[in-house]
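What you see is a predicted model, and the numbers here were worked out from it, not measured in a lab. We use all heavy atoms of the structure for the numbers below, so side chains are in, but hydrogens, waters and symmetry mates are not. Residues take their numbers from the sequence shown, with the count starting at 1.
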Amino acid sequence: MNYALWFQLASPEIVLSISGLVLLLIAAWGGNKASRLVSVLAVVALFGALALSLNFLFDPAFADGADAFYGQYRMDRFASLSKVLIFLSAIGCVIVAPKFFARGDMMRAEYPILILFASIGMGLMVSAVDLLTLYIGLELNSLAAYVLASFLRSDDRSAEAGLKYFVLGALASGILLFGMSLLYGFTGTTSFIGIQTAFADGVSTGALFGIVFVLSGLAFKISAVPFHMWTPDVYEGAPTPVTTFFATAPKVAALALTMRVAIEAFGGQQSIWQQIVIFVALASIILGAAGAIGQTNIKRLLAYSSINNVGFMLIGLACGTPEGASAMMTYLVIYVAMTLGSFVCVLDLNDRTGAPVEDIGKLAGLSRTRPGLAAALAVFMFSLAGIPPLFGFWGKFVVFDAAVAAGLIPLAAIGIAASVIGAFYYLKVIKVMYFDEPADVIAPSDSPARMVLVAITALFVSPIGYFATLALSPVTAGAAKALFWSA
């Protein structure tokens, strides 16, 4: 029992836990006046956790990963890369929030603290190699997310979003727990490797039900069809900075957790879970594309876009190969940049009174009144659609390439066809901004921080982003290799 090593492996979560408790005391004593200080310190803490995660990602000593806390927690390159994406997303969501909440004098010191606690839960999720650690991390993230969704207490939409998220999230947690209890009952262990070993000689009917229930509970967390019903309503009703958070960091954590459970816990029975993942991937791609076509609210459109993109990423998981997992992680990195940039653009859509504008029709002629913002939003829309030479095309390409290499040619063909159909609703936003008569609704930007964040993410998803493939490909390949260490 090397406690020093264990604490070193869990250092990102330990740093965030201590920081969260200290900031909670500062918020209690300082009240809302301390919200700016708490936000700054939260960003510093997240940068500290980010630096520790980057160290694990590139340190050769941790190339093979290491277990801690009696095999309940694992830090490897897969977990490190996932945490880097989670903490980067959380930093962005803390930075852009104060300006939004200041409009209604609703900024509270609790907001960055809730982001910190959610980040701790997400860190545990991606490092979990035991069903108990999985559930603790998942619920720590979820409890913070329920509060964040209803953060604007005076806004009926926010209260409704929080209530829907809580009720449906509780249902999903119950489904997940029932599946976990079945797995424990039929395998006698909660360890992922133990479950994989127990499945080596076949899967009983009861254990099969456990696999289905566990994957169903995780499908809710990643907004995959048919457990997507909460996503458009929660994305629309929650405050936009919170929606930005939901669409990035928790999505990374939930997808990474789903990968680890499928490959490490159920890896020996790929033929069983592969069918489920293929169905969920196709359903998410098709319904995400079809559901977005008639949307008039930009946040609801991006919610369906999120469902659609989750479907594409699950194609990589369906491959069941290191190449597929690497492609999925590559897509996930690009997706975070595209989604974060898109929502920050939405955050900057305010009318002359400072009220947020979410109606797509009111973006008419934005290219003439706010050319820089319109250009950035167009880049993100084209990239989400997978239009070359933008970096979003590369994410889809590597996933389809992995599917073809794994023999899933029909799945890749349907995905390609659906991506063409799905491009319609992205192009609709661009058409409104560039070809309709100006509505002259959107006011000039008053947030340099948002514009800097938009510029950074837009550069990453632009053709310049292809230069990142030289560094990104080995990193995602290393993460995938760490995931398949027990296969």
Side-chain angles (χ1 to χ4, degrees), residues 39-40 43-44 46-47 50 54 84-103 115 240-241 243-245 247-249 251-252 298-299 301-302 305-306 309 330-350 354 356-358 363 365-395 426 429-430 432-434 442-472:
S39 296
V40 172
V43 169
V44 172
L46 286 165
F47 266 118
L50 174 63
L54 283 171
V84 167
L85 292 177
I86 289 167
F87 298 148
L88 280 174
S89 302
I91 289 168
C93 295
V94 173
I95 290 173
V96 300
K99 203 73 177 178
F100 176 90
F101 290 118
R103 178 179 54 84
I115 295 286
T240 306
T243 306
T244 307
F245 180 67
T248 51
K251 196 79 71 179
V252 173
I298 187 71
K299 288 167 69 176
L301 184 144
L302 289 173
S305 169
S306 173
N309 278 281
T330 299
Y331 197 130
L332 196 53
V333 172
I334 300 169
Y335 166 81
V336 166
M338 295 187 298
T339 305
L340 184 60
S342 299
F343 274 103
V344 175
C345 286
V346 172
L347 271 168
D348 215 47
L349 297 174
N350 300 306
V357 174
E358 299 174 5
L363 305 184
L366 187 66
S367 61
R368 277 163 276 183
T369 57
R370 294 282 304 280
L373 182 62
L377 192 53
V379 166
F380 294 124
M381 293 295 105
F382 276 129
S383 189
L384 283 166
I387 306 296
L390 297 175
F391 210 18
F393 166 77
W394 180 252
Y426 296 116
V429 176
I430 297 169
V432 169
M433 293 191 300
Y434 278 87
I442 310 300
S445 175
D446 60 349
S447 177
R450 288 179 189 168
M451 291 298 97
V452 170
L453 195 55
V454 166
I456 292 172
T457 50
L459 281 174
F460 182 77
V461 302
S462 71
I464 297 174
Y466 278 97
F467 292 108
T469 57
L470 298 173
L472 186 60

Between atom CE of M381 and atom CG of L390, what is the distance when rounded to the nearest 0.5 Å? 11.5 Å
Do the non-hydrogen side-chain atoms of F87 and L54 ever get within less than 4.5 Å of each other? no
Pair F47-V44, side chain to side chain contact (heavy atoms under 4.5 Å, CB included): steps then yes or no: CA-CA 5 Å; F47 266 118; V44 172; 5.7 Å; no
Sidechain-backbone polar pair: T339 side chain, V336 backbone, donor-acceptor under 3.5 Å: no
What's the separation between atom CG in L347 and atom SG in C93, rounded to the nearest 0.5 Å? 9.0 Å
Separation between CZ (F343) and CG (L349), nearest 0.5 Å, reads 11.5 Å
Return yes if some donor-acceptor pair links the side-chain N/O of S306 with the main-chain N/O of L302 below 3.5 Å, else return no. no
Between atom CE of M338 and atom CG of N309, what is the distance when rounded to the nearest 0.5 Å? 5.5 Å
For S383 and V461, the nearest pair of non-hydrogen atoms, with its separation, is OG-CB, 3.7 Å
Nearest non-hydrogen partners of G395 and I334, listed with the distance: N-CD1, 3.7 Å
Run T248 and V252 through side chain to side chain contact (heavy atoms under 4.5 Å, CB included) and show every step you take. CA-CA 6 Å; T248 51; V252 173; 5.8 Å; no
Which pair of heavy atoms, one from A378 and one from Y434, lies closest together, and at what distance? CB-CE1, 4.0 Å
Does the side chain of L46 come within less than 4.5 Å of V94's, by heavy atoms? yes
Does L85 form a side chain to side chain contact (heavy atoms under 4.5 Å, CB included) with Y335? I'd like the steps, not just the answer. CA-CA 10 Å; L85 292 177; Y335 166 81; over 6 Å; no
Nearest-0.5 Å distance, CD of residue E358 to CG of residue N350: 10.0 Å
Under 3.5 Å: donor-acceptor pair, side chain of S305, backbone of L301: no
Please examine the side chains of I91 and I95, heavy atoms only from C-beta on, and report whether any two atoms are closer than 4.5 Å. yes
Non-hydrogen atoms of C345 and L377 that approach each other most closely: CB-CD1, 3.8 Å
Rounded distance [0.5 Å steps], CD1 in I86 versus CZ in F245: 9.0 Å
